[in-house]
Colleague: 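Please find one structure pasted underneath; my questions will follow.
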Amino acid sequence: MTIMECAGCTLIAYGVPFSMFVFTIAHHPFRIIISMTSAFFWLISLLVSSLLWFAVVPLRNQLAFAVPFAVIFQEIFRYLFYRVIKKAEFALQKVQMQELTDKGMVFDRFAVAYAAGYGFGFISGTFAIVNVLSDMIGPGTIGIFGHSQDFFIATAFLTLCIILLNTFWGVIFFTSLDKGGIHRLIGPGIVVLTHMLFSCITLLNRKSQPLYSVSLAVGYSLLIGMIIYTLMLRGFTINNIRQRMNRD
Amino acid sequence: MHSSLFCISVFFLTFLIVFTQSTRVADQMYVSFDRARYCVRHLNGTHEIGCQSSMRGNSGRMYMIDNENEFNSYLKDSKTIDSSNSFIIALNIELFNSEYVDKLMNRLDSKLNGLVIYLKSNLSRPKDFSHDDQCPNHRQSYYLNQTETVHWNPKGTGLFFRSFPFPIVLLDEKDDYERLDKFYRQFYNTQSSPTCGLEVKAFQSAAHTSKTCMRRNEISHSLLDAVDGFCDPVGGLNIYSKLPDSLTLVPKQRQPKSVVLILATTDSFQMFLKAQGTTGGAQQPATALITFLALAHVIGQEQKEFNKQDKEIIFVTLDGDALDYSASFRFLFDMNNDYFPAGDKNEQRIKIEHIHSIIEFQSLSFSNNLSLYAYPSSPSIINETFIATLLENNPMITRMNANSPLPPASSQIFQQYNTTTEFSQWIKSIVEPLAQTLLDSYVGNNITNVTIEQEIINNLVYCVLKNVNCPLIHNVSNQSIGNSFDAFEQTSLPFSINTYPTATTPTFPFVQNILSYFLRDREYDKQNITETKCLEQKNNDTLRLYRYVGGYAPSIMPEQNYSGYCVRSYLRYASSSSPAFSIDNYDLSQTTYPAWTESRWTTFTLRLFIIPTRTHEIVTLVIGILLLSISFIVFSILRWYVKLDLLQPSSS
């Protein structure tokens, strides 16, 4: 009866992103489109990395070779998506339709960055967990060969971490590029480096006695770091927040 | 800079760590047993027997019972039984009989989801493993005046003929038991730790009775290609052969009591079928078949003598008698409907009145006592001289009292109409006296000391019991179309229940080739004929078979030594499925003829895995639900109280 386990892990991985979707993206058609397109860009990046993996025949079994390149390709496509968004924004500004503005169809850069990051994250997480979920539906669970029983829960939490991290990376990436100046280098640089760090840490999970706590701890601390950096980019300082709280 | 250095070092560190091949998670979760044997469903006119699983497979907690003590303690252990609502019991093969199975079924009731029978090692094979009834084929007993039921097969459990609501699997490969035991011991601890579970998939398409199933076969599923039948009638081929010159051709009339039938069977009982690969064979039909073929060789050797007299000696193999004598019924049916012998109408048909006697090889086992059962159609017509000669020629045989009940034998069916190594040496010692007796009785010339080359018997034993892909069969069959026995390298000749249309069993081509070769026209051995000329003979002679083979040396007179030989022989075969399936508008629920069918199936799998503990499952689910609800609440607060811009609904 591991239907329960499967349902549980699905909820763990997709519970928070689902709420995010319902509250921030569902009522906004523009953001839905951006998320879908962003997901598509991620898929293309995966296609390119798999072509590279396929081409380098002798290293096919060494996942450690493919992972950094996958990270690099994902970030390249995130940048390409940014360029596409820029062009769309430019075209929309040229049109300058008053009716659209009245209806509230403004080009909210932050929301777009957020939706782009969310799309990337959602599809990335899905690819990480869907195979595992489908194997979970059978009558058994992992463990007959001595693997840890926590594999499924750890995978679900890691997937949640990936989805959230990607969302914030999207925001950081786009916002930094928009700000210009030194931020054009720092922002994307931090994103690439933390992404690389996170992916390489998860490679540790492939040992026979994996320490899921290491990758989970690293992942979630990176997430907290990303949240703080995002808030800093958006102009929130400790004082700002205190003022806002007092105002309400 | 620091973080990039850090990452690079991490990268190299992970590079040095040993990586496994990237595999699917499912490969790390399940252990499959590919060489297991499964019990399948058989149907007859009124019932279904056998076992099956549900379509998605039967799974349950595994519990291993090795001996009687463990069995009894398990039945009393309510705590274990209540801990799970489905079990698959791994049972030692010694405990597989109706007593234990019934007790288990009564105690567990619907919780018993499957049985896995294991054989610990080849050295501890049980002495008896028969799931036939104690009186086999007792439903079709046609003895005149015999009312008592004799237990010919006292070790028979009769389990084959019962219908089980769960699947039963047999593991008889050595390392399968070891794997099963290893994993079971690893995880069989207290209640709190995860336990082993098993899943069996053995879904059978057939259900209810043969009548229902055959009717369903006819319903066309034109849109769905996948399902094109639910069951197949049991039956294979009845093969017969005789000396190519002992034919009665139109317009010559056949004399009454001029045909002698020599019978053997090519099928045998099998409760557990193998999913892939060939099934093993029982010993019983093998010995009889070897003796049968050796006798054919002797007759073929002495064909000059046998051709002088007017009795036709026909060698017949029947396939399908294990289940209610289906093949014998079919043979008799063919005889009554002018279909024996099949083929060219220029040969006179044989009917019951033409049969002089029937000699059957059945249940031969390697021992020093052979029992001879002679059953006359009426007490006065028994051929005393034949039997006397036989007993004289072979001191091993003891004659049974005419009143003693008859063993199950295919020739029984003919009775209902009142109107005939150390091991190869032992076979030789049976065949030679019998052939001698046949010669003495029918030819009469007192030809002394008929012999058969020991080598021929040795080769037969090798082919049938050890390796079907043997030199003998290559030398007697036409190899120009390729070797059809390659797939059966190093397997013995399989004897099992066949279905019609026949699967790729090598038994029929084997018997056909060898039988027809042994009874061939020996004159052709002396002639050096080319292959094309050999095949041309076919055009002039529609009654016999011509083929070009390499030639089997021990059977050929020493003077002749060619690279290839033309074989002129007589061979016929006919479907041996019950007449119930060939008669138009026959109601399959009638009991006139047996109507056995075997179910079709798609997959057979057996897997072992870990079942998670209840707590673990519940904890996972609860965490998931908590995360979802908490995030919902948090976002609601952020939307309506903190009023974040991002969360406000709008149309952009």
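By convention in this document, chain letters (A, B, ...) are assigned in the order of the sequence lines, proteins followed by strands, and residues within each chain are numbered from 1. None of these values were measured; they are calculated from a predicted model.
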Colleague: Are the side chains of A:M4 and B:H616 in contact, using a 4.5 Å heavy-atom criterion?
Modeller: no
Colleague: Under 4.5 Å, counting heavy-atom pairs only, tell me which of A:G15, A:S19, A:A7 racks up the most with chain B.
Modeller: A:S19
Colleague: Closest approach of B:M29 and A:D135, non-hydrogen atoms and distance?
Modeller: CE-O, 3.4 Å
Colleague: Does CZ in B:R56 sit with more than 12 non-hydrogen atoms of other residues, nucleotides or ligands closer than 6.0 Å?
Modeller: no
Colleague: What part of A:I142 lies closer than 4.5 angstrom to a heavy atom of chain B: side chain, backbone, both or neither?
Modeller: both
Colleague: Mind listing the closest non-hydrogen atom pair of B:C196 and A:I144 along with its distance?
Modeller: SG-CD1, 4.3 Å
Colleague: Roughly how far apart are B:Q28 CD and A:H147 NE2, rounded to 0.5 Å?
Modeller: 4.0 Å
Colleague: Could you look at B:R607 and say if it's the side chain, the backbone, both or neither that has a heavy atom under 4.5 Å from chain A?
Modeller: side chain
Colleague: Can you check whether B:V25 reaches A:N131 side chain to side chain, under 4.5 Å on heavy atoms?
Modeller: no
Colleague: Minimum heavy-atom separation for B:D27 to A:F145, with atom names?
Modeller: O-CE1, 3.6 Å
Colleague: Look up atom CG in B:L621 and atom CD1 in A:I3, then write down how far apart they are to the nearest 0.5 Å.
Modeller: 11.5 Å
Colleague: Suppose we screen for salt bridge (charged side-chain N to carboxylate O under 4.0 Å, His left out). Which residues come up paired with B:D109, at least two apart in sequence or across chains?
Modeller: none
Colleague: At a heavy-atom separation under 4.5 Å, does A:S134 approach chain B through its side chain, its backbone, both, or neither?
Modeller: side chain
Colleague: Checking A:F198 against chain B: side chain, backbone, both or neither under 4.5 Å from a heavy atom?
Modeller: neither
Colleague: Of all the heavy-atom pairs spanning B:G624 and A:I12, show the shortest one and how long it is.
Modeller: CA-CG1, 3.5 Å
Colleague: Output the option from B:I625, B:L628, B:T620 having the highest count of non-hydrogen pairs under 4.5 Å with chain A.
Modeller: B:T620
Colleague: Hey, is CZ on A:F18 packed in by over 12 heavy atoms from elsewhere, all under 6.0 Å?
Modeller: no
Colleague: Under 30°, 30 to 60°, or over 60°: which ring-plane class applies to A:F23 and B:F632, parallel, tilted or perpendicular?
Modeller: perpendicular
Colleague: Could you report the tightest heavy-atom contact between B:I611 and A:T141, atom names first, then the distance?
Modeller: C-CG2, 4.3 Å
Colleague: Do A:F157 and B:I623 make a side-chain contact, defined as non-hydrogen atoms from C-beta onward lying under 4.5 Å apart?
Modeller: yes
Colleague: Taking side chain as everything from C-beta outward and backbone as N, CA, C, O, which of these in B:S629 sits under 4.5 Å from a heavy atom of chain A? Side chain, backbone, both or neither.
Modeller: neither
Colleague: Examine whether an atom of A:L160 lies under 4.5 Å from a heavy atom of chain B, and if so say whether it belongs to the side chain, the backbone or both; otherwise answer neither.
Modeller: side chain
Colleague: Looking at B:R639 and A:V22, what are the two nearest heavy atoms and their distance?
Modeller: NH2-O, 4.2 Å
